[in-house]
Colleague: 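Got a structure for you, written out below as structure tokens; questions coming shortly.
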2 protein chains.
Amino acid sequence: MLTQHFSGRNLNRVKAHNLQAILMSLLHENQISRAGLAKRTSLSSATVTNLANELLAQGIITEIKPQATEIERKRAVGRPRRMLRLVPNARYALGVHIGVGLFRIALTNLHADIIDNRIVEFERATPAAEVLEKIALEIEDLLLEMAIDRSRILGIGVGASGLVNHDQGINVIAPRLGWNNIYIQAELQARLGFPVRVDNNVRAMAIAEAFFGAGRGAGVLAFVYGRIGVGAGFVVNGQVFRGSGAGAGEIGHTIVVPQGGQECRCGQNGCLETLVTEPVIIRRSVELAQQHPESLLAKYMENESAAAPSIETVFAAARDGDELTLKMLDDQICYLGIALANLVNVLNPGMILLGGVFAQGDDLVRPIASKVMRETAFSGLGDDVIIEPTSFGWRAGVVGAAALALMDFFYQTTETV
Amino acid sequence: MLTQHFSGRNLNRVKAHNLQAILMSLLHENQISRAGLAKRTSLSSATVTNLANELLAQGIITEIKPQATEIERKRAVGRPRRMLRLVPNARYALGVHIGVGLFRIALTNLHADIIDNRIVEFERATPAAEVLEKIALEIEDLLLEMAIDRSRILGIGVGASGLVNHDQGINVIAPRLGWNNIYIQAELQARLGFPVRVDNNVRAMAIAEAFFGAGRGAGVLAFVYGRIGVGAGFVVNGQVFRGSGAGAGEIGHTIVVPQGGQECRCGQNGCLETLVTEPVIIRRSVELAQQHPESLLAKYMENESAAAPSIETVFAAARDGDELTLKMLDDQICYLGIALANLVNVLNPGMILLGGVFAQGDDLVRPIASKVMRETAFSGLGDDVIIEPTSFGWRAGVVGAAALALMDFFYQTTETV
DNA sequence: TTATTTTTTTTATTTAATAAAATAATTAGT
DNA sequence: ACTAATTATTTTATTAAATAAAAAAAATAA
């Protein structure tokens with residue numbers, strides 16, 4: 001039985017905490033006066049002055065010259081406040097998203113805005129060490145090209161698929177890459193000299209949304225990502241929720257059809273992943289097109305040159321009113337709705353964000369999933385849940401990864417079980 | 001959109017935090033030296049001495065006289081350590097568990113050991129105000145009888161069923177009592193003068209287990225309680241998880257049979273509650289006994305004088321080897337296993353504790369639920385989960401309630417979304 | 001008896017927050 | 001134009017609490 005370690009909070013931690021409280025406020029408010037910061041953080045104005053001076057000296061924040069919003073000046077009796085603002089490009093972070101057969105690298109600023117990004121493909125059989133070496137080379141090259149001072153790089157965040165040991169930065173299992181116990185953190189840290197953070201990629205996306213995206217201010221945020229599988233990441237009140245063994249969020253293997261469901265690659269029957277992933281929907285579409293060669297769906301597929309049709313073709317047919325496709329999507333997506341309802345019943349999130357295929361087909365997917373979720377969730381629990389697509393689109397992966405590095409800067413308290 | 005409030009941690013909070021770190025260590029360790037506390041809390045020995053002196057002056061801790069464990073004295077080169085111990089009866093807490101038609105009250109010490117307790121029945125139609133008045137009277141009476149100094153009572157914890165607004169101490173909805181928006185905290189606080197904490201009863205049980213019971217040291221703890229319904233409570237690293245609207249843990253209305261499931265009182269079909277609650281199992285047993293009058297189950301039921309058979313009768317038949325009953329339990333409980341697997345996939349808890357009927361029939365329920373859970377959970381996620389019955393038995397309700405009050409003493413940081 | 005070891009306490013120092021006072025920059029009223 | 005009022009920010013002096021370093025205490029080992 002693991003014994004908890006109740007660390008007594010030493011004084012220096014207090015300052016770090018207060019600094020981070022100020023930074024987080026600046027991140028949320030865009031511009032805010034010292035007085036406003038004092039109110040928001042419940043620190044004294046003197047403390048805010050002191051800490052703000054430190055941040056100003058470091059160039060992380062700046063004073064806005066002319067009082068930007070001239071309109072609300074009418075309320076201005078008394079000494080006018082001097083607004084402070086984060087300097088987004090004062091520091092940078094690097095995000096690495098490792099996908100199947102490709103990785104993306106992005107350089108972002110403190111707002112998690114992408115400054116530059118690259119996509120590199122690799123053979124699926126490439127050994128992990130080689131992929132990491134490629135990543136390191138690409139990062140070196142990117143930094144050189146952008147002429148970024150290395151001292152302004154906060155660190156590197158890596159979003160990996162599968163099971164990730166966050167504390168040690170190890171990709172424990174990545175089934176689709178055949179990776180086992182890859183020491184990503186140690187490797188990249190040694191190679192590049194920056195602090196490295198590794199986490200599950202969907203969890204990283206959840207973090208990005210919670211701090212820099214649509215999830216800001218949501219008490220409990222669930223990010224649900226669908227592509228080849230379905231995964232979820234949770235952020236609770238600014239704390240990442242990883243579970244006891246970093247395995248939280250395997251929503252894709254939640255059983256939604258306990259009897260007679262299709263067999264899943266995990267060995268079980270009736271997992272959510274057997275119903276609503278990209279490959280499953282494409283497979284169902286191919287079947288439908290074969291059964292109904294006269295349908296719009298079949299026509300759209302014929303026009304496609306690729307061997308396998310893309311999910312966009314399916315969505316296009318649905319958007320253009322193909323009843324068959326719409327019906328099929330309805331039949332499949334309703335299970336996502338049930339899974340979300342189960343999630344809502346258990347976690348009671350304030351917001352659910354959808355990413356991956358679910359965001360690509362947002363106009364088709366969300367109405368169904370949302371409706372079923374609300375109908376199915378217990379006693380109005382689903383009514384107040386905000387459901388939206390990810391605010392980062394295809395960037396979710398790299399931005400999420402970069403967010404891992406940014407978090408150490410903004411909010412040390414990201415550690416949880 | 002609710003804006004988060006990043007409270008800057010002021011200095012006095014540091015001391016409170018460190019005191020609580022010390023108290024928590026004392027709670028976990030039973031006896032520990034100042035040096036040990038310094039190591040465990042990573043505070044300096046000077047700080048520990050100071051804080052320990054304050055606690056000694058308040059009578060909350062004491063020095064153990066003769067070095068209790070004489071055996072391990074051999075390692076004693078150097079000045080011998082002087083062990084400190086919590087004085088369990090230095091302070092007390094009151095726990096109130098409000099059930100359907102009855103409430104329980106318990107006086108506990110700092111270890112959450114019950115000093116005295118009472119059960120009071122009331123008509124189900126009694127107005128809430130009247131029930132609260134009865135509770136207050138009973139508490140006054142208990143304190144008088146036990147001759148407890150009011151200044152040593154830390155506070156009152158109340159475990160209520162249904163939806164509870166913890167911050168305001170309001171029982172928002174208690175369907176089975178027909179209560180709506182009952183201001184339990186305000187009412188009892190005004191009436192009795194003690195601080196009052198109110199929370200959902202299952203959540204309270206989870207807290208009790210996490211701090212005083214089998215769940216100590218578990219990173220993510222899930223407490224699953226079955227009686228008339230099925231609910232769950234979660235404690236994550238010593239923080240209660242309540243969800244955005246205090247609605248987390250409604251596992252009973254998780255859909256486990258999406259098509260063709262029985263209708264639930266919540267309006268949905270196929271909820272877990274339609275399969276594994278006490279009334280459902282009794283109803284299934286009655287049906288079975290009617291169909292098979294020669295069975296052991298039927299005989300046991302005949303012997304019972306009560307109108308409806310008790311769950312204990314059903315369990316007795318199963319324990320005595322009645323195949324019909326065993327088969328029925330297998331068929332029903334396997335759905336609990338599926339629900340637990342879904343829970344494991346989503347939350348990845350380190351420990352699941354079962355309470356209520358599940359604990360009553362632990363020898364029958366747990367093997368099935370545990371087996372199905374482990375078979376069904378994704379890729380070995382279930383393998384490391386410890387499943388056990390509640391360590392408090394029927395006391396779980398009141399001990400849980402008392403734990404709500406004790407938490408303010410031991411661990412202020414119990415607040416989460 | 002002395003050296004060593006470990007624990008606990010004391011003393012002096014340091015850090016950081018903060019209350020209170022001072023200063024600054026404005027509007028409103030006369 | 002001048003004064004009062006108001007609000008924001010900075011400065012000064014104070015305070016709380018942690019902690020490093022030193023001292024003291026209480027034992028064993030040689």
Side-chain angles (χ1 to χ4, degrees), chain A residues 6-22 25 29 31-57 61-70 72-85, chain B residues 6-22 25 29 31-57 61-70 72-85:
Chain A
F6 301 101
S7 60
R9 185 163 276 116
N10 26 20
L11 267 183
N12 48 332
R13 283 267 199 104
V14 176
K15 188 180 178 185
H17 179 274
N18 288 340
L19 263 174
Q20 281 157 354
I22 285 177
S25 299
E29 287 289 328
Q31 60 170 237
I32 187 169
S33 68
R34 289 171 181 79
L37 282 172
K39 205 171 187 181
R40 217 169 186 292
T41 60
S42 68
L43 290 166
S44 69
S45 50
T47 303
V48 171
T49 295
N50 292 337
L51 296 178
N53 284 344
E54 284 190 33
L55 293 172
L56 282 165
I61 63 174
T62 188
E63 258 185 24
I64 297 175
K65 313 294 156 50
Q67 179 76 350
T69 47
E70 206 75 37
E72 62 167 17
R73 182 182 287 252
K74 60 173 159 48
R75 73 70 283 124
V77 63
R79 175 174 176 173
R81 45 192 168 193
R82 301 159 74 188
M83 302 308 258
L84 298 170
R85 193 172 55 73
Chain B
F6 301 101
S7 60
R9 186 163 275 115
N10 24 23
L11 267 182
N12 49 331
R13 283 267 200 101
V14 176
K15 188 181 177 186
H17 179 274
N18 288 341
L19 264 173
Q20 281 158 355
I22 285 178
S25 298
E29 287 289 327
Q31 61 169 236
I32 187 169
S33 68
R34 288 170 181 80
L37 282 171
K39 205 171 189 181
R40 217 171 186 292
T41 59
S42 67
L43 290 165
S44 68
S45 50
T47 303
V48 171
T49 294
N50 292 336
L51 296 179
N53 283 345
E54 283 190 34
L55 292 172
L56 282 165
I61 64 174
T62 187
E63 259 185 21
I64 297 174
K65 314 295 156 53
Q67 179 77 347
T69 47
E70 206 76 35
E72 63 168 16
R73 181 180 287 249
K74 60 172 159 50
R75 72 76 279 122
V77 62
R79 176 174 175 172
R81 44 192 168 194
R82 302 160 76 189
M83 302 307 259
L84 299 171
R85 192 171 56 73

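The chains referred to below are lettered A, B, ... by the order of the sequence lines, with proteins before strands, and numbering in each begins at 1.
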Colleague: For A:Ile61 and A:Leu56, which heavy atoms make the closest approach, and how far apart are they?
Modeller: O-CD2, 3.4 Å

Colleague: Looking at the side chain of B:Ala46, which of C:dT7, D:dT9, C:dT10 is the nearest nucleotide?
Modeller: C:dT10

Colleague: Ignoring backbone atoms, establish whether A:Ser44 has a side-chain N or O less than 4.0 Å from OP1 or OP2 of C:dA19.
Modeller: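 The answer is no; no side-chain N or O of A:Ser44 sits under 4.0 Å from OP1 or OP2.
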
Colleague: Could you check how far NZ of A:Lys39 sits from P of D:dA8, rounded to whole Å?
Modeller: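 The distance from NZ of A:Lys39 to P of D:dA8 comes to 8 Å, rounded to the nearest Å.
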
Colleague: Is there a side-chain contact between B:Leu19 and B:Leu55, using heavy atoms and a 4.5 Å cut-off?
Modeller: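 Counting from C-beta outward, B:Leu19 and B:Leu55 do come under 4.5 Å.
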
Colleague: Kindly give the heavy-atom pair with the smallest separation between B:Arg34 and B:Arg82, and that separation in Å.
Modeller: NH1-O, 3.9 Å

Colleague: Measure the distance from CZ on A:Arg13 to P on C:dA16 and round it to the nearest whole Å.
Modeller: 14 Å

Colleague: Check this one for me: any side-chain N or O of A:Thr47 less than 4.0 Å away from OP1 or OP2 of C:dT18?
Modeller: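 Yes, because at least one side-chain N or O of A:Thr47 sits under 4.0 Å from OP1 or OP2 of C:dT18.
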
Colleague: Whole angstroms only, please: what is the CD1-C1' distance between B:Ile32 and C:dT8?
Modeller: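 About 15 Å, once rounded to whole Å.
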
Colleague: Would you tell me if any nitrogen or oxygen in the side chain of B:Asn50 comes within less than 4.0 Å of OP1 or OP2 on D:dA17?
Modeller: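 For B:Asn50, the contact criterion (side-chain N or O under 4.0 Å from OP1 or OP2 of D:dA17) is not met.
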
Colleague: Take the protein atom CG of A:Leu37 and the nucleotide atom P of D:dT10, then report the distance between them rounded to whole Å.
Modeller: 12 Å

Colleague: Can you measure B:Glu63 atom CD to D:dA25 atom P for me and round it to whole angstrom units?
Modeller: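 These atoms are roughly 15 Å apart.
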
Colleague: Testing the basics here: between A:Arg40 and A:Ser25, what is the closest heavy-atom pair and its distance to 0.1 Å?
Modeller: NH1-OG, 3.5 Å

Colleague: Could you state the CZ-C1' distance from A:Arg79 to D:dT10, rounded to the nearest angstrom?
Modeller: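 A:Arg79 atom CZ is separated from D:dT10 atom C1' by 8 Å.
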
Colleague: Return the nucleotide paired to D:dA30: Watson-Crick means purine N1 to pyrimidine N3 with N6-O4 or O6-N4, wobble means G-U with N1-O2 and O6-N3, both under 3.5 Å.
Modeller: C:dT1

Colleague: Mind calculating the distance between CZ (B:Arg81) and C1' (D:dT28) to the nearest angstrom?
Modeller: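 Checked: the CZ to C1' distance equals 15 Å.
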
Colleague: Name the one of A:Leu84, A:Thr47, A:Thr49, A:Leu51 that satisfies side chain to side chain contact (heavy atoms under 4.5 Å, CB included) with A:Leu37?
Modeller: A:Leu84

Colleague: Find which nucleotide of DNA chain D each of A:Arg34 and B:Ser45 is nearest to by heavy atoms, and output the residue with the more 5' nucleotide.
Modeller: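 Nearer the 5' end of the strand: A:Arg34.
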
Colleague: Among D:dA26, D:dT28, C:dT8, which is the nearest nucleotide to the side chain of B:Arg82?
Modeller: C:dT8

Colleague: Roughly how many Å is it from NZ in B:Lys15 to P in D:dT19, rounded to a whole number?
Modeller: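 One finds 14 Å between P of D:dT19 and NZ of B:Lys15, rounded.
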
Colleague: Here's a test of your reading of the structure: between B:Gly78 and A:Gly78, which maps to the more 5' nucleotide of DNA chain C?
Modeller: B:Gly78

